[in-house]
Amino acid sequence: MIVQPASGPLAGSIRTSPDKSITHRLLFFAAMNRGRTIIGNPSLAADCASTLGLLRSAGYGFQSEPGRIICDGSPSPRDAWSGRFDCGNSGTTARLAAGFLTGERGRFLLDGDESLRRRPMERVAGPLRLMGAEIATAGGSLPLTIDAAPPLAGPLPGTMLDVSSAQVHAALVIAAIRSALPVAIRRVAPMRDHTLRIARLFGLEIGTEEVAGCAVDTLESFEMRRDIDFTIPGDLSSAAFIIAAAMLVPGSRVRIERVGLNPTRIALLGCLQEMGGNLSWTVDDAAREPVGSIDVSYSPGLAGIALGGDDASVDIPGMIDELPLLALIGSQAEGITTVRGAAELRLKESDRISATAAMLRGLGIRIDELADGFSVAGPQRVAGGVADHHGDHRLCMTAAVAALVADGPVTIPSPGVAAVSYPGFWDDLRAIGAPAGEETA
Ligand code: S3P
């Protein structure tokens, strides 16, 4: 894909792709629900297809119709069977499935692509073992083997299951539901709260109390028999690329509709406003998952920002997936943009600290890699060239935004990787007038 520098403003009103995190969770909850679940506007991203494929091959019936997926009452766990599942590139699939499969009876193997095989799995295997699961990793990574004979026995009374990742939290909640275990899970870091919202939507009772500065969730009921009809909002992590493009291309004005505005996911928006970004958002419906619209326009004179480090008030997990894009935005802002306290970035689909720095350097941007973040001074010119996104979907889309403000065309190899999270990305970019188009062989 060759993306040309923008020759005019970007404009229009769009709905970006449906939320990936919420879709994964709804699929797992639909599989556990004994009522009918209708998932409207599901994400068709490759990552969510990995979850859907895994659940189907585990025997759960999901009907795909245009714009929705329907699941009718979960079957009882089958007698001893064995399965090998490919989670593709999806960390969420692998971690949530590890929790889910503890409720099946048999021997299961979870594997994934080369990138997923490099990602840490002890973080989910460890606490599941404490709950009584028999799980082995290959030196801390995939393939992961689960010998399941439900129900789980549960941790020793009073043992806290400490988690700092939303994926691990979801895995433990799912495992607890499947074994009807009244566990207490301590969130030792802030994280997205989709699992709790969805569990409550399905009628489960989860008590949350604050203990010594940490939220502790206690599962108190396990039966799910409701008919649920839930429409997934747009993914803010996808919308972020459109927001950045509109902020950086002169004269642009774009509206993003029906996008998820869950408070645990919108840290980027506040940070862009602080940098001087012209954007505003309104929540139209806050009943289940907050959803609303964002108006964004060209934002000249952006100022650099310092995030993380000593300032513990900054919600780094609330924008973890948007930080590679923020590195690019920082390179276009006046002064220094620094991100600290984001070492988790090194454990994503790529090492997103070094891969972002390497890709941006390849486009002529000077950026310093830090152990737990990066520092970039701006404004800098972006050179045309080839963007080496390391096969990482979020870096691929960051490169497309960089191209719009570059001095010359940017060639993006394997543009299809954007579909790991945002299948309509290239169409949406074109829809607002971005010159992304020449596909090369
Ligand atoms: C996700 C949580 C985040 C995020 C990932 C999706 C989720 O990871 O980076 O893209 O759906 O729970 P953590 O597990 O590190 O919180």
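Counting convention: from 1, in listed order, for ligands and their atoms alike. In this text the structure is predicted, and so the values were computed from the model without any measurement.
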Does one side chain, of Asp47 or His393, offer a donor that lies under 3.5 Å from an acceptor on the other?
no

Do any N or O atoms from the side chain of Asp284 and from the backbone of Gly292 form a donor-acceptor pair under 3.5 angstrom?
no

Heavy atoms, side chains only, cut-off 4.5 Å: are Pro324 and Lys348 in contact?
no

Do Thr264 and Arg197 pair up side chain to side chain, a donor and an acceptor below 3.5 Å, judged on atom types alone?
no

For the residue pair Phe85 and Phe108, categorise the inter-ring angle as parallel (less than 30°), tilted (30 to 60°) or perpendicular (more than 60°).
tilted

Ligand 1: which residues have a non-hydrogen atom closer than 4.0 Å?
Ser21, Arg25, Thr92, Ser165, Ala166, Gln167, Arg192, Ile320, Asp321, Glu344, Lys348

Which ring-ring contact (aromatic ring centres under 6.0 Å, His included) pairs, counting each pair once, include a residue from residues 203-224, with sequence neighbours left out?
none

